[in-house]
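Everything below concerns the one structure shown next.
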2 protein chains.
Amino acid sequence: MELFKVGEIAKEVGINVETLRYYEKIKLMPKPKRIESRYRIYDVSDLRRLRFIVRAKELGFTLKEIHELLSLKIEKSSTCGDVKHIAEHKLDDIKKRISDLNSMQNILEKLIDQCTNEELSTDVCPILEVIDEKFQ
Amino acid sequence: MELFKVGEIAKEVGINVETLRYYEKIKLMPKPKRIESRYRIYDVSDLRRLRFIVRAKELGFTLKEIHELLSLKIEKSSTCGDVKHIAEHKLDDIKKRISDLNSMQNILEKLIDQCTNEELSTDVCPILEVIDEKFQ
DNA sequence: ATAATATCCGTACCATACTACGGAGTCAAG
DNA sequence: CTTGACTCCGTAGTATGGTACGGATATTAT
């Protein structure tokens, strides 16, 4: 069983120690076990959770949203409906994000292609075509 | 030709007037024309740009990144290579985002399905499987 | 065994992205 | 023709998500 001190796990995921303490403070990360010296000790499940947090942040989710995503689990039969409801909401949001990112991808590919072919300049913003694809 | 006062265009895209003034201050939005009273007057191209900004923000891009995306245009042949380079970078980032969001989508769909079938509880976080998909 | 490095904690500071305030001028409706 | 809503501007305050500081212990390397 692999264990990490705070500096080790922080380095592993590319954040710094203070940030990890901050995540603990706001309850995004659970309080870890301590050894006699009061040093924090993390295990692989902490590493997994932390990796998710870091990547979800890069994907543009707020810490609050990440917390909600991590809370999506069926703990008692009574909360099953709630979980489903929230998950459907998140799913909807994610589908829209994917769709809009796909539009951006298309535009960027077109733009790169134009650049490659040394086409003549335009004074417009190609990226704004994303909006044209989306609205009307 | 449709024209808007600051309050009208702000309402149209769902931000408030101060935010729009802020975007102008940081040069994310261009300085608009003024009528005699010094009131700002916006047109449809401003609306288009503003809609892009708002959605890109929701997608998790910072205002700086949005500025870069909006600056991606071929103005002189000399900048063509630069534009291509930046666009390729952005494209790469966007592709990775889409891929990870797809993972999340799969997990959420599975979770919703489990909820629908009233399956038994688990004390784990289903969403963390996203990480398992990514790191072998 | 002692120096360098890591961790502890609380608190203060920082950047980004707004949001509110307040006094003055402008415009539109009754 | 005035009253209420809108806009002007600068400046100050707020929320989120960290980052830095600094003195005290703990651990590790030489």
Side-chain angles (χ1 to χ4, degrees), chain A residues 2-43 46-47 49-71 90 93 97, chain B residues 2-43 46-47 49-71 90 93 97:
Chain A
E2 240 186 315
L3 298 175
F4 311 87
K5 281 191 281 184
V6 66
E8 292 165 350
I9 196 171
K11 192 175 177 190
E12 190 72 29
V13 300
I15 62 175
N16 66 39
V17 171
E18 286 87 355
T19 304
L20 187 42
R21 284 212 301 135
Y22 173 69
Y23 288 167
E24 182 180 329
K25 197 170 133 201
I26 64 170
K27 289 161 207 266
L28 191 55
M29 284 295 287
K31 290 190 180 187
K33 294 205 178 77
R34 303 290 186 113
I35 49 177
E36 328 74 55
S37 56
R38 302 182 43 68
Y39 280 19
R40 292 167 175 82
I41 292 298
Y42 298 92
D43 61 26
D46 295 312
L47 180 58
R49 186 179 177 101
L50 201 46
R51 277 202 174 116
F52 177 81
I53 293 168
V54 169
R55 184 56 186 150
K57 220 165 50 63
E58 286 167 2
L59 291 176
F61 293 96
T62 65
L63 298 188
K64 191 167 170 250
E65 287 170 328
I66 294 169
H67 194 88
E68 286 164 8
L69 286 168
L70 287 168
S71 304
K90 295 285 177 202
D93 168 57
R97 287 187 193 222
Chain B
E2 239 185 314
L3 299 175
F4 311 87
K5 280 190 283 185
V6 68
E8 291 164 350
I9 196 172
K11 193 175 177 191
E12 190 71 29
V13 299
I15 63 175
N16 67 41
V17 171
E18 285 87 355
T19 304
L20 187 43
R21 282 212 303 136
Y22 173 68
Y23 289 166
E24 182 180 330
K25 197 170 133 200
I26 64 170
K27 290 161 205 268
L28 190 54
M29 285 294 290
K31 289 190 181 190
K33 293 204 179 79
R34 304 287 186 116
I35 49 178
E36 330 75 53
S37 55
R38 304 180 43 66
Y39 281 18
R40 291 167 175 81
I41 292 298
Y42 298 92
D43 62 26
D46 295 311
L47 180 58
R49 187 178 177 102
L50 202 46
R51 279 204 172 116
F52 177 81
I53 293 169
V54 169
R55 184 57 185 150
K57 219 165 52 62
E58 287 167 0
L59 291 176
F61 293 95
T62 65
L63 298 187
K64 191 166 170 252
E65 286 171 329
I66 295 169
H67 193 89
E68 284 164 11
L69 286 168
L70 287 169
S71 303
K90 297 284 177 201
D93 167 57
R97 285 193 199 210

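What you are looking at is a predicted structure, and each value in this text was computed from that prediction instead of being measured. In what follows, chains carry the letters A, B, and so on, assigned in the order in which the sequence lines appear, proteins first and then strands, with residues in each chain numbered from 1.
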Requested in this report: Evaluate side-chain contact (heavy atoms from CB on, under 4.5 Å) for B:I66 paired with B:Y23, printing each intermediate quantity in order.
Outcome: CA-CA 11 Å; B:I66 295 169; B:Y23 289 166; over 6 Å; no
Requested in this report: Establish whether the base of D:dG17 is bridged to the side chain of A:Y23 by a donor-acceptor pair shorter than 3.5 Å.
Outcome: no
**Report entry** Polar side-chain contact A:R21-C:dG10 base: donor and acceptor under 3.5 Å
**Finding:** yes
Query - Comparing B:E18 and B:G7 on DNA chain D - which has the more 5′ nearest nucleotide - result: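 The residue closer to the strand's 5' end, by nearest nucleotide, is B:G7.
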Query raised in the report: Pick the nucleotide of DNA chain D nearest each of A:K57 and B:V17; which residue has the one closer to the 5' end?
Result: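 Its nearest nucleotide lies further toward 5', so the answer is B:V17.
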Whether [X] contacts [N] is assessed here as follows: a side-chain N or O lying under 4.0 Å from the phosphate OP1 or OP2. Is that the case?
{"X": "B:R40", "N": "D:dC9", "result": "yes"}
{"X": "A:K25", "N": "D:dT19", "result": "no"}
{"X": "A:R34", "N": "C:dT7", "result": "no"}
{"X": "B:R38", "N": "C:dT26", "result": "no"}
{"X": "B:S37", "N": "D:dC8", "result": "no"}
{"X": "B:T19", "N": "C:dT19", "result": "yes"}

State, yes or no, whether a side-chain contact exists between [X] and [Y] at a heavy-atom distance under 4.5 Å.
{"X": "A:M29", "Y": "A:I53", "answer": "yes"}
{"X": "A:L69", "Y": "A:F52", "answer": "yes"}
{"X": "B:D46", "Y": "B:P30", "answer": "yes"}

Requested in this report: Kindly state which residues belonging to residues 8-15 of chain A come within less than 4.0 angstrom of DNA chain C, counting heavy atoms of the residue only, listed by number.
Outcome: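 By residue number: none to list.
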Gap between atoms [atom1] and [atom2], on [X] and [N] respectively (whole Å):
{"X": "A:K27", "N": "D:dG17", "atom1": "NZ", "atom2": "P", "value": "17 Å"}
{"X": "A:H67", "N": "D:dT16", "atom1": "NE2", "atom2": "C1'", "value": "16 Å"}
{"X": "A:E65", "N": "D:dA15", "atom1": "CD", "atom2": "C1'", "value": "15 Å"}
{"X": "B:F61", "N": "C:dA17", "atom1": "CZ", "atom2": "P", "value": "13 Å"}
{"X": "A:F4", "N": "C:dT7", "atom1": "CZ", "atom2": "C1'", "value": "17 Å"}
{"X": "B:L20", "N": "C:dA17", "atom1": "CG", "atom2": "P", "value": "16 Å"}
{"X": "B:K64", "N": "C:dA17", "atom1": "NZ", "atom2": "P", "value": "10 Å"}
{"X": "A:Y22", "N": "D:dA20", "atom1": "OH", "atom2": "P", "value": "15 Å"}

**Report entry** Six-ring centre of A:Y42, A:R49 cation under 6.0 angstrom, axis tolerance 45°
**Finding:** no
Query raised in the report: Of B:K5 and B:L63, whose closest DNA chain C nucleotide lies nearer the 5' terminus?
Result: B:L63
Requested in this report: Name all residues meeting the side chain to side chain contact (heavy atoms under 4.5 Å, CB included) criterion together with A:V13; count only those two or more places apart in sequence or in a different chain, and write none if there are none.
Outcome: A:I15, A:L47, A:L50, A:R51, A:V54
Query raised in the report: Nearest to the side chain of B:Y39, which nucleotide is it out of D:dT27, D:dG17, C:dC27?
Result: C:dC27
Report summary line: Of C:dA6, D:dT19, C:dT19, the nucleotide closest to the side chain of B:N16 is C:dT19
Query raised in the report: What is the distance from atom CD1 of A:I26 to atom CG of A:L28, rounded to the nearest 0.5 Å?
Result: 5.0 Å
Report task. Salt-bridge test for B:R55 and B:E58: reply yes if a basic N is under 4.0 Å from a carboxylate O, no otherwise. Result -> yes
